[in-house]
Amino acid sequence: MLARPRFGGVGTLAHPMNTRVDITAAIAQILAELGASEIDPAVEASAKPEFGDWSTPAALRAARVLRKPPIAIANEMCSLLAETDLDVVAKWTVSPPGYVNAHLADPVWVPAVIAAALALDPAIPLHTGARTPLRTLVEHTNTNPNKAAHIGHLRNACIGDSVARILRRIGGDVEVQNYIDDTGVQVADVTVGVRELGMAQQDGEPFDQYCSRVYVEVCRRYEDSPELLEKRRAVLHALEAGDNEMATFVKRLTSRIVDCHLATMARFDIGYDLLAWESDILHLGFWQRAFEQLSAAGAIVSVTAGKHAGCWVMPADSGDVEGDEAKVFIKSDGVATYTAKDTAYQLWKFGLLGKDFRYRTWPGVEGLTTTTSNDGDVDADARFGGARQVVNVIDSRQAYPQGIVKRALARLGHAEAAKRSIHLAYEVVALSPGAARELGIDTSNGGEKYALSGRTGIEVRADELLDRAIEHVRAKAATADDATVRCVAAGAVRYYLQRFTLTQIIAFDFDEALRTNGDSGVYLQYAHARAAGILRKVADDGGALSVPQSLEPVERALLHCLDAYRYALTDAAAQLAPSVLCNYTFTLAATLSDFYEHTPAMVREQDATVRRFRRHLVAATKATLADALHTLGIAAPDAF
RNA sequence: GCCCCUUUAGCUCAGCGGAUAGAGCACCCGCCUUCUAAGCGGUUGGUCGUAGGUUCGAUUCCUACAAGGGGCGCCA
């Protein structure tokens with residue numbers, strides 16, 4: 001038998017001790033020695049403190065290959081593990097029906113966990129042991145620039161912003177883009193109302209709300225006056241041509257709305273690196289370039305007969321150009337479809353188009369750049385695009401066209417880019433019956449959810465929701481200053497929109513969204529403020545940390561929670577799922593509250609060792625909470 | 001017709017091969033002269049949609065079915 005390697009160690013600040021990895025390696029080696037190397041060590045946090053700190057059901061899994069009872073295998077593993085040189089484990093035990101448990105040596109792992117938490121620094125990427133993400137371009141928000149942003153758009157932005165933060169936190173190079181569809185039907189509708197019908201902005205009416213109102217009104221008038229659709233067609237035609245007075249007018253209008261969107265999102269601490277405009281993609285000839293590539297590769301073909309006669313189509317895998325699987329890229333009138341232009345944009349994102357935008361700084365927002373077709377003022381060193389991985393945060397209803405874009409990349413021979421074209425699909429935000437009633441919708445049909453609709457004005461504006469949350473928080477916050485009230489309210493709203501898994505439709509409910517207790521953003525922030533309060537009250541005596549002889553269960557639970565931060569971040573990054581980090585942060589906050597309630601007030605603690613240890617523990621928890629909250633785009637106030 | 005998502009406590013949701021299925025809300029009962037009660041503890045509440053299958057082990061994987069939602073445009 002080979003000499004067993006020495007596992008683990010206390011680690012360094014750059015690469016903190018990773019107890020789970022060390023234990024996993026030890027288990028894996030023992031499994032190999034027993035002739036079950038194919039069995040996954042599967043080390044997980046112990047289900048109950050009585051079992052130990054870390055446990056594995058590997059013996060249960062190995063029973064079949066080793067043809068022995070699980071408990072016998074577990075006992076054998078246990079005695080072999082006892083011989084390994086793993087300082088962090090004090091004792092190995094077995095529990096039915098065949099779990100092997102590691103009990104950690106407190107003087108080894110506890111100081112390491114606290115030191116790692118206290119060393120957290122937003123400016124320094126956290127090495128979780130997972131591979132650093134590829135250079136990633138995240139596109140999110142993408143709200144049509146013809147109306148105020150509503151809670152559906154806000155869910156998109158929250159998910160995208162948090163995904164970007166999560167990837168950056170573990171060292172990822174991430175570029176965030178907001179795509180502006182300024183040449184579409186929705187923009188044309190508002191243009192018809194403002195320019196052709198002369199609908200006026202009311203006194204004191206915010207510009208985006210004004211446009212929302214015009215949009216609803218114009219859509220209503222189409223019903224009575226179908227001839228109005230001709231005006232829309234004219235607007236769209238002018239936008240397609242570009243470089244005319246209409247295009248200039250629309251550019252000014254959409255820019256004003258984009259500024260409103262940026263201001264709304266800024267209230268939630270959501271920002272972007274680049275605004276990418278559809279009109280620039282159009283006028284810089286991105287599609288023509290993509291067309292050359294697609295047609296040369298045979299990815300799209302000209303169809304002369306059948307229902308797609310006169311079109312260019314991307315055939316199904318079977319070669320069929322007529323069925324559901326075939327997708328029109330160029331209509332018979334010669335105009336490219338949205339999906340076609342999106343394919344060109346996706347090629348640009350990967351640096352595969354062979355064409356680039358021109359760039360200009362966006363006035364009024366620090367660090368924000370916009371694409372432009374003509375008067376660029378940002379030098380070529382500021383490079384955008386050229387990503388190795390692209391994450392498009394788009395609701396799940398667009399799965400079909402997103403799949404087409406991915407398929408187009410594959411047909412061009414860009415297998416890697418196709419694989420790394422990720423449609424981060426999330427379900428929409430709808431209204432709960434209660435919220436629907438509050439908006440005056442008839443709910444007598446007994447539906448469980450009611451769809452939002454910007455076109456008919458059935459929506460909850462993001463700004464309006466935040467204003468209501470601010471009033472809610474202000475009513476409860478006796479002493480907090482205005483800035484704190486605002487960030488607590490924004491955090492509450494963000495948490496509500498991020499804590500659901502992406503596959504769940506959110507049945508938006510005012511009571512739930514505005515709640516300030518229980519599993520809410522306010523609870524997380526409150527826990528952080530509490531920790532800060534303790535640190536203010538309990539002086540740091542400057543003494544070195546020493547671990548008490550025996551830890552209270554709540555202390556041990558809190559330490560495990562701190563240690564779990566890196567695993568939560570790793571999971572959240574791997575799944576591109578902010579909800580994973582939300583769950584973790586709630587558990588951390590709850591565990592701190594549990595600790596707070598079940599240990600005597602620290603200010604009166606007479607035992608200097610215990611007081612010092614607990615102060616370190618609270619400081620470490622505060623640092624971890626702050627880091628997790630920041631990664632979720634939620635503020636971590638010290639008091640409120 | 002085909003494809004995707006959902007179905008877990010009264011309500012809103014986690015969990016997605018392993019040890020007695022967890023939270024929050026609501027309800028009821030307690031706890032503020034002690035570091036923030038926006039908190040904590042306790043009580044009540046579950047044939048994990050149904051039926052098969054795979055497995056030592058299934059809420060978790062597979063198949064079928066049911067209910068609800070979404071998609072399958074020469075819309076964007």
Side-chain angles (χ1 to χ4, degrees), chain A residues 42 44 46-48 50-51 55-58 60-61 63-64 69-70 95-99 101 144 181 183-188 236 278 303 307-313 323-325 327-339 341-342 395-401 403 425 427-428 430 432 447-449 451 473 476-479 488 492 499-507 509 511-512 515-520 522-523 525-527 529-538 579-580 582-583 586-587 590 593-594 596-605 614-615 618 639-640:
Chain A
E44 297 294 338
S46 301
K48 286 174 181 277
E50 308 86 277
F51 296 140
S55 302
T56 173
L60 295 168
R61 299 177 183 193
R64 193 165 14 152
S95 57
Y99 282 87
N101 312 302
N144 271 311
D181 181 4
T183 63
V185 174
Q186 295 196 14
V187 164
L236 286 170
E278 164 84 7
V303 178
K307 72 170 185 176
H308 290 148
C311 300
W312 283 80
V313 169
D324 284 351
E325 298 295 305
K327 174 65 189 172
V328 171
F329 270 53
I330 301 182
K331 300 184 277 185
S332 55
D333 65 2
V335 177
T337 59
Y338 180 88
T339 302
K341 288 178 271 192
D342 213 21
D395 78 60
S396 63
R397 293 174 302 190
Q398 295 203 47
Y400 174 72
E427 285 292 343
V428 295
S432 71
E448 292 178 358
K449 300 180 178 83
V473 171
K476 290 205 163 196
T479 58
V488 168
R499 55 176 271 250
F500 296 89
T501 53
L502 299 178
T503 52
Q504 279 291 349
I505 296 174
I506 296 179
D509 189 83
D511 294 338
E512 281 292 314
R515 247 191 34 240
T516 59
N517 66 343
D519 189 1
S520 70
V522 176
Y523 178 89
Q525 295 173 301
Y526 181 73
R530 259 186 161 176
I534 293 171
L535 297 181
R536 279 192 299 270
K537 293 276 168 62
V538 182
S579 64
V580 169
C582 286
N583 280 328
F586 173 66
T587 303
S593 295
D594 196 13
Y596 175 89
E597 300 284 348
H598 296 103
T599 51
M602 215 177 291
V603 281
R604 301 194 312 182
E605 178 60 56
R614 290 191 176 149
R615 191 182 194 283
V618 169
F640 66 90

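Naming: A, B, ... by sequence-line order, numbering from 1 per chain.
- The base-pairing partner of B:U12, taking Watson-Crick or G-U wobble contacts with both distances under 3.5 Å, is B:A23.
- Separating the P atom of B:G69 from that of B:A23 is a span of 33 Å, rounded to the nearest Å.
- Within 4.0 Å of A:F640, counting heavy atoms only, lies at least one base atom of the nucleic acid.
- Within 4.0 Å (heavy atoms only), A:T56 reaches no atom of the nucleic acid at all.
- Base pairing analysis places B:A58 opposite nothing; no Watson-Crick or G-U wobble pair with both distances below 3.5 Å involves it.
- Only the C1' atoms considered, B:A14 is 28 Å distant from B:G52, to the nearest whole Å.
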Open item on the list: Treating primed atoms plus P, OP1 and OP2 as sugar-phosphate and everything else as base, which nucleotides of nucleotides 66-76 of chain B get B, S or - for protein heavy atoms under 4.0 Å?
Closed with: ---SSSB-BSB

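- Minimum heavy-atom separation, A:C311 to A:S332: SG-N, 3.7 Å.
- Remark: A:R615 is not in phosphate contact with B:C35, judged by side-chain N or O atoms under 4.0 Å from OP1 or OP2.
- A:A63 comes within contact range of no nucleotide atom at all, as no heavy-atom separation falls under 4.0 Å.
- The side chain of A:T501 lies closest to B:A14, out of B:A14, B:C25, B:A19.
- Contact annotation: A:T503 side-chain N/O to B:U6 OP1/OP2 distance is under 4.0 Å.
- Not counting sequence neighbours, the partners of A:F500 by the ring-ring contact (aromatic ring centres under 6.0 Å, His included) test are A:Y496.
- Both geometric conditions, a ring-centre gap below 5.5 Å and a plane tilt below 30°, are not fulfilled together for A:Y526 over the base of B:G39.
- Using a 4.0 Å heavy-atom distance criterion, A:A532 is classed as making no nucleic acid contact.
- Ring geometry for A:Y523 against A:F586 counts as tilted: the plane angle lies between 30° and 60°, on a 0 to 90° scale.
- B:C40 sits 36 Å from B:A58 when the C1' atoms are compared, rounded to a whole Å.
- Here B:C35 presents its P atom at 13 Å from CZ of A:R536, a figure rounded to the nearest Å.
- Closest contact between the side chain of A:Y523 and the listed nucleotides B:C40, B:C35, B:C13 involves B:C40.
- Going from the P atom of B:U50 to that of B:U44 covers 24 Å, rounded to whole Å.
- The residue A:A430 sits apart from the nucleic acid: no heavy atom pair falls under 4.0 Å.
- Using a 4.0 Å heavy-atom criterion, one finds that A:T516 contacts the bases of the nucleic acid, with or without backbone contacts as well.
- For A:R615 and A:E605, the salt-bridge test fails: no basic side-chain N is under 4.0 Å from an acidic carboxylate O.
- Atom C1' of B:G17 sits at a distance of 11 Å from the matching atom of B:U59, rounded to the whole Å.
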